[in-house]
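Everything below concerns the one structure shown next.
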Amino acid sequence: MEYTTIEQLNKFESKTVELKGWVYNKRGSKGLFFIVLRDGTGLVQCVVNNGEVNEASWEVASSATQESAIIVQGVVNKDERQVGGYELQVTSLELVSIAEEYAISPKSHGVEFLMNHRHLWLRSRRQWAIMRIRNRIIMSIHNFFQESGFIQADAPILTGNAVEGTSTLFEIDYFGDPAYLTQSGQLYGEAMAMAFGKIYTFGPTFRAEKSKTRRHLTEFWMIEPEMAFYDLAMNMDLVEDFLVYLVKDVLADCSVELDVLERDIEALKRVEKPFPRVHYSEAVDLLKSDKTWDMISEEIAALKAEVPVLEAELADNKKRYGQAKKWEKKKIDAREIEINQRQEEIKESLRNLPEWQESARNFEWGSDFGGSDETLLTRHYDRPIIVHRYPAKIKAFYMKRDPEDDRLALGMDVLAPEGYGEIVGGGERATDITFLEDQIAAHNLPIEVFKWYLDLRRFGSVPHSGFGLGLERMVTWICGLSHVRETIPFPRLLGRLHP
Ligand code: 4AD
Ligand code: MG
């Protein structure tokens, strides 16, 4: 008999195998138990018949609690109706360890509770799906760059200088000197691009974000390609190819995971070249336009119309509840939770949308887009958009100016569709040393720590560009989640350092 994993069961049809894992779920009674086993690679239903296993095995099946660890042997049968498409007819069971009453019960829990139990929450099917997609994206990122002549060259995490402004720095004590957890590997990436041509960094980055939003972590992973002899246009072409490549891989390999998350994959299938390239000024006009105003008004009207429909369904379910059979009651209960969640969402949207509408209309050229502005902008398009040439004032010191308009920087952001907003920030880098010295001074940054960076402009300076993709923002969008917190195993947020 062979030990295998649930993921591999398709290779063992009608054969006897051994699986090792945990009890995800158990039901049954007198002579029969259905145990859904979880082994990290998937779920499979294991059928235990009293007549077909010995007494010791039956005892294990009877006593095993949720999350108890067990070793199961049995025959693999194809069964389309079951999770994973296979079922195990159990021949023997062994207990590894019995679990105490599980901390996360099947009833629904609030987010705070789940976040406090993140170390256990990770075992749920939903988290399984998200982490597998995260893993698939990571693999594709490496494949894409390795196939395109890039080498991975990592930047340090402990640094002596700020990259993305001084307001979000985590300062630490470095043997008596001040140091910072890196906000971005870019400046080192530039040095490495001058050494190796095309590089990408892939590492943790840190921002002391002092506000709670659904898009911000204090610790997140960033992928930062940096390319010598690339201008802004080439940079935009690259990011487009890159994102299309990642989405295609996830669609090809993660259908089960996307299904678990109930992701609308049609929206992902529309992620094709070319991505609209929207000049900042054009984006501002669109934001302030009647088109945006009317789009929100329509959405508000649609949400208001949904309220009485949901209420009617609740009332109707309440009426039916008394006479309902047990299984129907379960269904009604589950639906009630869904409806309540939807009602909360609607309430929140009806609170937010009028504010978003106002602030979009009153947006002033020169300001940075807020989260809601990005959300509204992306709703006009069916795929990611690249907004380029932002006002230099709102961008970092290292950005090259637009030769056509000195007020603008040759920066670009990729905004993901369906309201997700910024997932990539990047641009072409300034090469003029005097300009950079002025910018460093204008941003109140200490010139001494940038001496090495300025050297890059002294010794063989060339046009170069790059960008940074926030891994968790990418995963949030691909998985269709409403918050970034579930996209990293142990999220670090304002007010959250444990577990
Ligand atoms: O736009 P940002 O700040 O750009 C840079 O750091 C550049 N140095 C990158 C480069 O050109 N090499 O950050 C890049 C991306 C954002 O678009 C976003 O996806 C992600 O990093 N990001 C965050 N993700 C989660 N939580 C946060 N607090 C984030 N801040 C930025
Ligand atoms: Mg940015």
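For the numbers below, each heavy atom of this structure counts, side chains included, while hydrogens, waters and symmetry mates do not. Both ligands and their constituent atoms are indexed starting at 1 by order of listing. Bear in mind that the values here come from a model prediction, so they are computed numbers and not experimental data.
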(request) Find the distance between CZ (Arg457) and CD (Glu190) and round it off to the nearest 0.5 Å. (result) 4.5 Å
Taking NZ, NE, NH1 and NH2 as the nitrogens, is one of them in [X] or [Y] under 4.0 Å from a carboxylate oxygen of the other?
X: Asp290; Y: Arg361; result: yes
X: Glu164; Y: Arg207; result: no
X: Lys291; Y: Asp285; result: no

(request) Examine Tyr188 together with Trp452 and report whether their ring centres are nearer than 6.0 Å. (result) yes
(request) Taking the six-membered ring for Trp and the full ring for Phe, Tyr or His, determine whether the centres of Phe206 and Tyr180 are under 6.0 Å apart. (result) no
(request) Anything under 30° is parallel, anything over 60° is perpendicular, the rest tilted; go ahead and classify Phe450 against Tyr453. (result) perpendicular
(message) Give the residues near ligand 1 by chain and number, with the criterion being a heavy-atom distance under 4.0 Å.
(response) Glu164, Ser184, Gln186, Arg207, Glu209, Arg215, His216, Leu217, Phe220, Met222, Glu224, Tyr398, Glu422, Ile423, Val424, Gly425, Gly426, Arg429, Gly466, Phe467, Gly468, Gly470, Arg473
(request) Tell me the protein N, O or S atoms under 2.8 Å from the Mg ion (ligand 2), in chain and number order. (result) Glu422 OE2
(request) Please say whether the positively charged group of Arg407, taken as NZ for Lys or CZ for Arg, lies over the ring of Trp365, i.e. under 6.0 angstrom from the six-membered ring centre and within 45 degrees of the axis. (result) yes
(request) Report the residue from Tyr245, Tyr200, Phe242 that forms a ring pair (Phe, Tyr, Trp, His ring centres under 6.0 Å) with His142. (result) Tyr200
